[in-house]
Amino acid sequence: MDVRFVSDDGIQQHPVGELERLLARDHGFVWVDIPICDEEAARVLSEVFGFHPLAIQACIERNAVPKVRAYHDHVFVVQHAPELGEGGHVHYVELDQFIGARFVVTVHGPLNPAVLPEAAMRETRAVLGRIEAGRLRPGSPAELSYAIVSALAQGQEAFVETVTRQVWPLEQRVTSGHLGNPEQFLEDLFSARHGLLAVSNMATLGNQIYRRMSTLGRFIPADRQPLVADLEDQFARVSGVADGQVRYLEGVIDFYKARTDTKMTIAAERLTLIAVLTLPITAVSSVYGMNIIVNDRTDFPHLTVVVAAMLVISAIVLRWAKRQEWW
């Protein structure tokens, strides 16, 4: 657990034992960053900050969807960032925030064992680096939260770009006809679509969260409303970009299906033509074969007539198939 005090003088690290004294200061604000909500962290959230037990429980457990809860002195927000895993699986990396007038508490996780802890800390470490470098000077907890959530939205947008770069070569393979292994190709197509749908879902829900927050006027000061509106717009933009890429990819999938269906139709027509051409031969030979060829002697004149009849019938059928444009 990292306890930091943010003021006009910059940002300073403090031990957990000084947390109550820092909260009592009349200037600056406190930023507590919790990598994982263990028993000690839950105790601090409960005894020092006095957060609602259900909100603390939400930090301990994984939340399937984002949420926002408004309390008398703070707002609790749950959000997710995407992390690409093996086989095209998209991990939902959770970030919880308590935002008050004098504090911001960020809680990460719980994490899937396949996700590295560095992935969960990406947004907060990026913001911390900007503050320490002097490129960001948040004047309030709302501004710090805005910077963190903006980093999360930018991460979602970067994820869309990463998946889109995987879509381009797939589209080129479809249009050129060089698909390679069809099963692996389909696996790549649907894996890319799954990634885009996942981040679109995250951004859409994030947009709904901040749209809801914009209606909580009595909990959000008027001068902080533009920050909320901008975050709402950021998530709407990411959602729109992801949805556009999903439609593009579905167009690629439809093109692939149309080409495959056309090949199957042509193959079926050719097989039908072969069956039609061999049907009269099969019919005549089945009737006359045993009676003409398999005997004490072969009746060559009769055999010649039958073979000629087979060839004439096949030629007639072939000409008819040509007129039907089957080949």
Side-chain angles (χ1 to χ4, degrees), residues 2 31-37 41 55 58-69 75-99 104-131 136 144-166 191-213 227-228 230-243 245-246:
D2 294 320
W31 176 16
V32 179
D33 194 26
I34 302 175
I36 186 170
C37 192
C59 294
I60 298 173
E61 300 174 351
R62 298 183 67 179
N63 295 275
V65 295
K67 63 181 66 174
V68 57
R69 297 288 185 269
V75 175
F76 175 61
V77 182
V78 175
Q79 291 176 295
H80 297 100
E83 181 70 16
L84 191 61
E86 295 184 0
H89 177 69
V90 179
H91 298 284
Y92 280 56
V93 181
E94 185 173 329
L95 174 62
D96 305 331
Q97 291 185 84
F98 296 89
I99 310 157
V104 173
V105 180
T106 49
V107 184
H108 304 271
L111 290 178
N112 186 306
V115 178
L116 296 176
E118 290 77 10
M121 308 288 289
R122 184 180 296 121
E123 291 79 20
T124 52
R125 285 183 175 175
V127 171
L128 176 62
R130 292 173 60 197
I131 296 175
L136 175 66
L144 174 60
S145 175
Y146 170 81
I148 294 171
V149 178
S150 291
L152 188 145
Q154 292 167 10
Q156 292 179 353
E157 191 170 8
F159 184 89
V160 173
E161 182 175 357
T162 299
V163 178
T164 300
R165 292 185 182 276
Q166 299 174 6
S191 174
R193 187 176 72 167
H194 171 69
L196 291 172
L197 287 173
V199 73
S200 174
N201 179 62
M202 292 181 194
T204 300
L205 294 177
N207 172 261
Q208 294 298 319
I209 288 298
Y210 280 90
R211 180 176 298 181
R212 167 60 178 161
M213 194 179 295
L227 301 179
V228 175
D230 185 71
L231 291 174
E232 180 183 340
D233 178 71
Q234 288 189 48
F235 284 116
R237 186 183 69 253
V238 174
S239 176
V241 171
D243 288 343
Q245 292 300 327
V246 168

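Everything quoted here is computed from the prediction, not taken from an experiment. Positions are given from 1 along the sequence.
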Does a side-chain heavy-atom distance below 4.5 Å link [X] with [Y]?
X      : Y      : answer
Ile34  : His108 : no
Gln79  : Val149 : yes
Val78  : Gln97  : no
Met213 : Val77  : yes
Pro82  : Val90  : yes

To the nearest 0.5 angstrom, please state how far the [atom1] atom of [X] sits from the [atom2] atom of [Y].
X      : Y      : atom1 : atom2 : result
Gln166 : Gln245 : CD    : CD    : 12.0 Å
Glu83  : Phe159 : CD    : CZ    : 8.0 Å
Met121 : Leu111 : CE    : CG    : 10.0 Å
Leu231 : Ser145 : CG    : OG    : 7.0 Å
Arg125 : Asp2   : CZ    : CG    : 8.5 Å
Asp233 : Arg211 : CG    : CZ    : 11.0 Å

### Task
Under the side chain to side chain contact (heavy atoms under 4.5 Å, CB included) rule, what do Leu144 and Ile131 come out as? Steps first, then yes or no, please.
CA-CA 10 Å; Leu144 174 60; Ile131 296 175; 4.0 Å; yes
#### Entry: Stepwise side chain to side chain contact (heavy atoms under 4.5 Å, CB included) test for Phe98 and Val32
CA-CA 10 Å; Phe98 296 89; Val32 179; over 6 Å; no
### Task
Check for a donor-acceptor pair, side chain of Thr164 on one end and backbone N or O of Val160 on the other, with a separation under 3.5 Å.
yes
### Query
Do any N or O atoms from the side chain of Thr204 and from the backbone of Asn201 form a donor-acceptor pair under 3.5 angstrom?
no
Using residues 150-158 as the side-chain source, report each donor-acceptor pair under 3.5 Å to any protein atom, sequence neighbours left out, with the distance given to one decimal.
residue: Ser150; atom: OG; partner: Tyr146; partner atom: O; Å: 2.8
residue: Ser150; atom: OG; partner: Gln234; partner atom: NE2; Å: 3.1
residue: Gln156; atom: NE2; partner: His80; partner atom: O; Å: 3.1
residue: Glu157; atom: OE1; partner: Arg237; partner atom: NH2; Å: 3.3

Please name the pair of heavy atoms, one in [X] and one in [Y], separated by the smallest distance, quoted to 0.1 Å.
X     : Y      : answer
Cys37 : Ile60  : SG-CG1, 3.8 Å
His91 : Met202 : O-CE, 4.1 Å
Asn63 : Ala58  : ND2-O, 2.7 Å

### Message
For a side-chain hydrogen bond (donor to acceptor under 3.5 Å, both in side chains) check, start with the C-alpha distance between Asp33 and Thr106, then their side-chain angles and the critical distance, and finish with the verdict.
### Response
CA-CA 5 Å; Asp33 194 26; Thr106 49; 2.5 Å; yes
### Query
Is Arg165 paired with Glu161 through a side-chain N to carboxylate O contact shorter than 4.0 Å?
yes
Can you give each donor-acceptor pair under 3.5 Å made by side-chain atoms of residues 191-200, sequence neighbours left out, with the distance rounded to 0.1 Å?
residue: Ser200; atom: OG; partner: Asp243; partner atom: OD1; Å: 2.4

### Task
Could you check Val107 against Phe76 for side chain to side chain contact (heavy atoms under 4.5 Å, CB included), going step by step and ending with a plain yes or no?
CA-CA 11 Å; Val107 184; Phe76 175 61; over 6 Å; no
### Task
Could you give me the CA-CA distance, side-chain angles and deciding distance for Ile148 and Trp31, then say whether side chain to side chain contact (heavy atoms under 4.5 Å, CB included) is met?
CA-CA 12 Å; Ile148 294 171; Trp31 176 16; 4.0 Å; yes
